[in-house]
Amino acid sequence: MAFKDARKGRGLYTAEVIRRHQLSPHVVRLTLAGDDLRQLPRHGYDQWFRIFLPGTDGPADLSRMPDQFGMTGYLKYLRTPAGNRPVFRNYTVRELRIEAGELDIDFVVHGDEGIAGRWAVAAEPGEQVALIDQGTGFDLLPDADFHLLVGDESAMPAILGILRDLPAEARGLALIEVPDAADTQPVERPEGVTVQWLPRDNPHATPGELALAGLREFTPANPHLLSAYVVGEQALATEGRRHLVAAGVPKHRIMFVGYWRVGRAS
Ligand SMILES: Cc1cc2nc3c(=O)[nH]c(=O)nc-3n(C[C@H](O)[C@H](O)[C@H](O)COP(=O)(O)OP(=O)(O)OC[C@H]3O[C@@H](n4cnc5c(N)ncnc54)[C@H](O)[C@@H]3O)c2cc1C
């Protein structure tokens with residue numbers, strides 16, 4: 001299921017926070033657990049979901065959440081009284097342990113703005129959430145001779161999941177921008193895929209610019225057999241796609257999504 005098919009994803013799963021761990025300076029890992037998670041299908045790669053979290057106005061009523069996020073589901077969501085309506089955001093499965101009914105999520109910590117990042121930093125065991133499975137955004141192109149994966153820290157869980165699940169014979173390059181060298185993580189990957197970490201090391205730099213600069217230095221040897229995946233801050237995704245199209249990569253071979261946008265709430 002590609003990004004464009006997300007609304008077809010179905011299934012509401014409730015769970016509670018059981019662990020919070022500050023993994024690195026800008027990433028907090030939360031572990032969720034619950035019987036529902038034993039039923040969550042494992043799609044692998046960059047499997048993602050919509051997560052319903054407590055808002056700022058009062059306790060979240062998770063009982064009325066839809067199990068699908070099409071128009072009907074969204075209207076159902078809106079019928080929950082405003083004060084108890086959970087907020088929803090999009091996140092990636094970092095690790096899913098179905099037998100244990102456990103799911104890890106890596107949240108980027110990005111200051112005092114927004115809901116999800118702030119919530120994750122302070123989430124306590126016992127807090128309830130709900131999520132809707134959205135499948136994967138990444139599509140494995142069977143004829144790809146090279147995989148290019150580019151993203152910022154919000155895309156790190158997605159790119160690490162893709163690297164973990166690519167076929168062993170895959171070849172490629174992953175460019176992963178992170179705020180700080182200490183935010184890098186161990187990588188499980190096919191031998192033929194190189195990973196380049198790009199630490200910004202500058203709190204005033206705009207996220208995504210370094211990854212975009214790296215992407216612009218990339219010229220595909222064989223554009224018609226490239227599989228490209230560019231996600232993260234909006235400008236990285238759209239400008240990255242523009243560069244690849246100009247380099248001759250057919251549009252249907254470029255998966256790209258703005259995961260978030262500077263100065264704009266989801
Ligand atoms: C399919 C998909 C999967 C995703 N997976 C993950 C994931 O696994 N981990 C993850 O951390 N994010 C992930 N994201 C991105 C995440 O949904 C957004 O960053 C979201 O905006 C965070 O919500 P918030 O409530 O913290 O901030 P919002 O309320 O949406 O935004 C508030 C402010 O914070 C800024 N902001 C938002 N995100 C960031 C950021 N990452 N860095 C700096 N400033 C930011 C906005 O520009 C805005 O000014 C994913 C997005 C998509 C579409």
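Heavy atoms only: backbone and side chains are in, while hydrogens, waters and symmetry mates are out. Start at 1 and go down the list; that is how both ligands and their atoms are numbered. Residues take their numbers from the sequence shown, with the count starting at 1.
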Do ligand 1 and [X] have nitrogen or oxygen atoms that lie under 3.5 Å from each other?
X: Gly117; value: yes
X: Glu153; value: no
X: Val257; value: no
X: Val108; value: yes
X: Ala116; value: yes
X: Arg261; value: yes

When you look at CZ of Arg264, are more than 12 heavy atoms from neighbouring residues, nucleotides or ligands closer to it than 6.0 Å?
no
Quick one: sort the Phe138 and His147 rings into parallel, tilted or perpendicular, breaks at 30° and 60°.
tilted
Ignoring hydrogens, what is the shortest heavy-atom contact between [X] and [Y]? Give both atom names and the distance.
X: Arg118; Y: Asp112; answer: CD-O, 2.9 Å
X: Ala120; Y: Leu30; answer: O-CD2, 3.8 Å
X: Pro207; Y: Asp152; answer: CB-OD2, 4.5 Å
X: Ala144; Y: Ser227; answer: CB-CB, 3.7 Å

What atoms of ligand 1 come closer than 4.0 angstrom to any heavy atom of [X]?
X: Pro157; result: 8 (O)
X: Gly114; result: 25 (O), 27 (O), 28 (P), 29 (O), 32 (C)
X: Phe107; result: 11 (O)
X: Asp106; result: 7 (C), 8 (O), 9 (N), 10 (C), 11 (O)
X: Ile115; result: 24 (P), 25 (O), 26 (O), 29 (O)

Closest to atom 30 (O) of ligand 1 (heavy atoms only, candidates Ala155, Gly258, Ser266) is Ser266
Ranking Arg89, Arg118, His110 by closest non-hydrogen atom to atom 38 (N) of ligand 1, top hit is His110
Of Arg19, Arg94, Arg97, the residue whose pairing with Asp104 passes side-chain hydrogen bond (donor to acceptor under 3.5 Å, both in side chains):
Arg97
Strictly under 4.0 Å, does any heavy atom of Gly263 approach an atom of ligand 1?
yes
What part of [X], side chain from CB on, backbone N/CA/C/O, both or neither, has a heavy atom under 4.0 Å from ligand 1?
X: Trp48; result: side chain
X: Trp260; result: side chain
X: Glu233; result: neither
X: Val87; result: neither

Identify the residue among Leu96, Leu32, Ile18 that makes a side-chain contact (heavy atoms from CB on, under 4.5 Å) with Glu102.
Ile18
Within this structure, what is the OG1-CD distance for the pair Thr31 and Glu95, rounded to the nearest 0.5 Å?
10.5 Å
Quick check: Phe218 with Phe146 (ring centres under 6.0 Å apart)?
yes
Glu99 backbone acceptor or donor facing Arg38 side chain under 3.5 Å
yes
